[in-house]
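Here the structure comes first, spelled out in structure tokens, and everything after it is commentary.
In what follows, every heavy atom counts, from backbone to side chain, and hydrogens, waters and symmetry copies are set aside. Just so it is clear, the structure is predicted and the values come from calculations on it, not from any experiment.
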Amino acid sequence: MSDNDKTPAPDLKAPVNFIRSIIRDDLDSGKHSTLQTRFPPEPNGHLHIGHAKSICLNFGVAEDFKGKCNLRFDDTNPEKEDIEYVNAIIDDVKWLGFEWSGLYHSSDYFQQLYDYAVELIKQGKAYVDSLSAEEIREYRGTLTEPGRESPDRNRSIEDNLDLFARMRAGEFEDGKYLLRARIDMASPNINMRDPALYRIKKAHHQRTGDEWPIYPMYDYTHCISDAIEGITHSLCTLEFEDHRPLYDWVLDEVKTPCHPQQIEFARLQLKYTITSKRKLNLLVVDKHVDGWDDPRMPTISGLRRRGYTSVAIRDFCDRIGVTKKDSFIEMAVLENSIREDLNHHATRVMGVLNPLKVTIKNYPDDLTEELLAHNHPQQPEMGTRTVNFSKVIYIERNDFLEDAPRKFFRLSVGREVRLRYAYYVTCTDFVKDENGEVIELICEYDPATKGGSSPDGRKVKGTIHWVSAEHAIDATVNLYDRLFTHPNPAASENFTEHLNPESLTVLKNCKLEASLADASEEIHYQFERTGYFVKDNKSDDLTFNRTVTLRDAWAKIDKQNQ
RNA sequence: UGGGCCGUCGCCAAGCGGUAAGGCACCAGGUUUUGAUCCUGGCAUGCGCAGGUUCAAAUCCUGCCGGCCCAGCCA
């Protein structure tokens with residue numbers, strides 16, 4: 001086959017990885033004429049950033065290779081699953097910007113799964129076991145010792161058929177019988193020591209109701225579901241590597257329309273957070289956070305509420321790559337992705353988080369001026385707006401220092417700075433309260449510097465943001481920090497002991513420019529010099545969530561000096 | 001000490017026998033009415049270690065060392 005016959009190379013936005021190489025080869029060789037993948041979440045919790053990696057991979061390759069990707073709920077354990085989760089998962093996948101080819105449930109295949117199991121029994125490849133759970137564990141052996149065969153292993157096919165039919169009919173209580181594959185109790189791979197195929201579980205299923213008293217196990221269900229949907233490449237995480245022989249065994253023994261290839265990749269691990277549905281659920285249940293969509297959570301809904309964009313999350317997933325190596329990604333990579341996206345389109349505004357009153361001594365008492373401000377310095381098409389200026393304003397507390405080092409380009413007595421879009425202003429004095437805390441600055445402005453530039457060409461080192469006291473609106477601002485103080489909290493038994501007590505700081509008396517009164521949850525803002533913010537969609541009063549800070553060179557210098 | 005898998009810069013990651021891409025982070029400059037953005041430059045004689053094959057090895061072979069996963073009627 002010449003190069004000209006090959007399927008055109010995909011858009012190289014997404015980096016190549018070993019999975020894409022395999023797919024490329026399978027398409028080139030004609031093993032497959034079209035690609036079919038699937039994203040198979042269990043609806044027992046909300047999706048997190050780790051799932052985003054899998055979603056981007058599965059839907060991403062499908063898009064790039066002109067194939068299809070299904071969304072399939074792996075709902076074979078009714079006790080843990082809930083319709084609330086399936087709806088949340090659907091919302092999250094949509095929000096990430098992907099479109100599935102088919103929306104399926106493993107439970108759609110319960111009848112076919114059952115029929116295949118009967119077929120297996122008829123072939124002598126499966127049997128009904130009456131061993132208890134404890135006995136099964138004992139019989140299984142250990143990592144270094146082979147297991148022992150169950151006394152029921154050689155039950156007749158007729159008896160197996162009869163017992164399995166009665167299991168299905170609901171004649172037995174939970175745990176009374178188990179349908180097992182008849183493989184090899186001495187296999188060095190524990191998954192092949194006669195694994196469970198069906199268990200009796202008289203539980204109400206969110207989709208099939210009380211129709212089934214027995215439910216198929218993952219290993220049996222997943223491969224057959226893949227085959228039924230014509231999946232070509234079944235991508236999953238590393239811990240399923242040992243299950244691949246079983247995946248292949250089932251598909252070899254049962255007459256399915258095709259035999260998908262399972263390929264494993266390393267799951268995403270992010271430093272200073274956790275990506276375990278069980279542990280995330282614990283944080284929610286024990287009220288360490290305010291729900292699955294708490295902006296500190298690494299869930300898709302949490303990140304969204306925090307102000308992350310789907311573009312940033314997808315960019316992040318492209319950057320981290322796909323390999324088989326266990327690894328921990330630094331938070332800085334995620335932050336870089338969101339900063340890059342938001343820098344392009346966030347609307348610039350001014351907001352003072354920790355207000356310090358400033359009186360401009362020589363400014364007219366009752367004057368209010370409307371000053372022109374740009375909504376984005378590099379994108380004029382985003383337009384301009386007007387901000388009110390008056391005699392009393394607020395600036396950021398940390399923009400004033402009583403004893404300022406030479407490199408501090410902000411306010412101190414005798415120093416001149418530019419008030420963004422307004423005037424040059426020089427601090428002449430300050431007022432302290434009885435506790436010695438600075439509560440007010442006295443400044444003088446230069447009327448000739450209106451707009452922020454001086455006709456005499458003199459330069460100021462610093463430009464600070466401000467807000468007119470009379471025109472400012474009050475708001476609450478939530479500042480978020482890493483959820484854990486340990487880079488790998490999941491490693492400890494008691495992972496909650498590493499919860500960061502300062503992961504949330506609520507600022508109640510923030511002063512924002514008036515334009516923010518009409519803030520929308522859809523719009524991402526940059527409060528100049530402080531960070532990116534988004535209006536919180538769950539608060540009654542005006543509240544903003546800080547998505548991420550801006551990079552801060554001064555903070556670095558300041559830290560080094562200490 | 002059973003089986004499966006993995007080890008390339010602080011964190012990711014290309015590389016597939018021809019002489020170490022890129023991103024993040026970091027460092028040094030420049031531009032700037034955000035100490036932001038942007039721009040420029042720096043950052044592995046080295047690819048877990050030790051041998052071997054070869055004119056040539058991160059890439060092939062052998063042996064070590066280190067790490068992860070598996071003993072649910074969870075997925």
Inset, instruction - Mind calculating the distance between CG (A/N343) and C1' (B/A36) to the nearest angstrom? - result: 7 Å
Inset, instruction - Could you work out the separation of B/C43 and B/C9 based on their C1' atoms and round it to a whole Å? - result: 8 Å
Legend entry - Distance under 6.0 Å and angle within 45° of ring axis: A/R482 vs A/Y272: yes
Legend entry - Atom P, compared across B/C24 and B/G42: separation rounded to whole Å: 16 Å
Inset, instruction - Kindly indicate whether the side chain of A/P78, heavy atoms from C-beta on, has any atom under 4.5 Å from the side chain of A/K201. - result: yes
Inset, instruction - Check whether any side-chain N or O of A/R140 sits under 4.0 Å from OP1 or OP2 of B/C73, and answer yes or no. - result: yes
Legend entry - Under the ring-ring contact (aromatic ring centres under 6.0 Å, His included) test, residues paired with A/H46 that sit two or more places apart: A/Y85, A/W292
Legend entry - Among B/A36, B/C74, B/C69, the nucleotide that comes nearest once only the side chain of A/P377 is considered: B/A36
Measure all distances between protein nitrogen or oxygen atoms and nitrogen or oxygen atoms of nucleotides 41-43 of chain B, and list the pairs falling under 3.5 Å.
none

Inset, instruction - Considering just the side-chain nitrogens and oxygens of A/R410, establish if one lies under 4.0 Å of OP1 or OP2 belonging to B/G35. - result: no
Inset, instruction - Among B/G35, B/A75, B/G15, find the nucleotide with the atom closest to the side chain of A/R199. - result: B/A75
Legend entry - Rounded distance (Å) that lies between atom P of B/U32 and atom CD of A/Q378: 13 Å
Legend entry - Rounded distance (Å) that lies between atom P of B/U34 and atom NE2 of A/H465: 13 Å
Inset, instruction - Would you indicate, yes or no, if B/A13 has its OP1 or OP2 atom less than 4.0 angstrom from a side-chain nitrogen or oxygen of A/T323? - result: yes
Legend entry - P atoms of B/C49 and B/G7, separation to the nearest Å: 14 Å
Legend entry - Span that lies between the C1' atom of B/U62 and that of B/G18, in whole angstrom: 24 Å
Pick out the pairs of N or O atoms, protein on one side and nucleotides 24-28 of chain B on the other, that lie under 3.5 Å.
residue, atom, partner, partner atom, Å
B/A25, OP1, A/R551, NE, 3.4
B/A25, OP1, A/R551, NH2, 2.9
B/C26, OP1, A/K556, NZ, 3.0

Legend entry - Between B/G3 (P) and A/R193 (CZ): distance, integer Å: 12 Å
Legend entry - Out of B/G35, B/C73, B/A75, whichever nucleotide has its closest atom nearest the side chain of A/E42: B/A75
Legend entry - Pairing residues for A/F400 by the ring-ring contact (aromatic ring centres under 6.0 Å, His included) criterion, not counting sequence neighbours: A/F430
Legend entry - A/T144 vs B/G3: side-chain N/O to OP1/OP2 distance below 4.0 Å: no
Inset, instruction - Report the distance from atom CZ of A/F328 to atom C1' of B/C12, rounded to the nearest whole Å. - result: 13 Å
Legend entry - Rounded P spacing from B/U19 to B/A57 in Å: 12 Å
Inset, instruction - Please tell me which of A/K407 and A/Y177 maps to the more 5' nucleotide of RNA chain B, matching each residue to the nucleotide holding its nearest heavy atom. - result: A/K407
Legend entry - Set of residues satisfying side chain to side chain contact (heavy atoms under 4.5 Å, CB included) with respect to A/K461, sequence neighbours excluded: A/F409
Inset, instruction - Would you kindly give the CD-to-P distance between A/E145 and B/A71, to the nearest whole Å? - result: 16 Å
Inset, instruction - Report yes or no: is the ring centroid of A/W554 under 5.5 Å from the six-membered base ring centroid of B/G35, with the two planes under 30 degrees? - result: yes
Under 3.5 Å, which N/O atoms of the protein pair with N/O atoms of nucleotides 6-8 of chain B?
residue, atom, partner, partner atom, Å
B/U8, OP2, A/K325, NZ, 2.6

Inset, instruction - Quickly, which of A/K80, A/E79, A/K277 forms a side-chain hydrogen bond (donor to acceptor under 3.5 Å, both in side chains) with A/N44? Name it, please. - result: A/K277
Inset, instruction - Using the P atom on both, measure B/G63 against B/C68 and round to a whole Å. - result: 24 Å
Inset, instruction - Kindly write out the residues that satisfy ring-ring contact (aromatic ring centres under 6.0 Å, His included) with A/F73, not counting sequence neighbours, or none if the list is empty. - result: A/H105
Legend entry - Span that lies between the P atom of B/U40 and that of B/C60, in whole angstrom: 37 Å
Inset, instruction - Check whether the ring centres of A/Y525 and A/F533 lie less than 6.0 Å apart, and answer yes or no. - result: no
Inset, instruction - Return the set of residues passing salt bridge (charged side-chain N to carboxylate O under 4.0 Å, His left out) with A/R153 (not counting sequence neighbours), or none when no residue passes. - result: A/E149, A/D194
Legend entry - Set of ring-ring contact (aromatic ring centres under 6.0 Å, His included) partners for A/F164, sequence neighbours left out: A/Y114, A/Y198
Legend entry - Residues in side chain to side chain donor-acceptor pair (under 3.5 Å) contact with A/T463, at least two apart in sequence or another chain: A/R418
Inset, instruction - Output all residues satisfying side chain to side chain contact (heavy atoms under 4.5 Å, CB included) with A/S515, sequence neighbours left out; order by chain, then residue number. - result: A/V349, A/R385, A/E513
Legend entry - Same-atom distance (P) from B/G10 to B/A71, integer angstrom: 34 Å
Legend entry - Any residue meeting side chain to side chain contact (heavy atoms under 4.5 Å, CB included) with A/N160, in chain and number order, not counting sequence neighbours: A/I121, A/Y127, A/V128, A/R155
Legend entry - Of A/N17 and A/K450, the one whose closest RNA chain B nucleotide lies more 5': A/N17
Legend entry - Under-4.0 Å salt bridge between A/D552 and A/R529: no
Inset, instruction - Could you check how far CG of A/L268 sits from C1' of B/C11, rounded to whole Å? - result: 13 Å
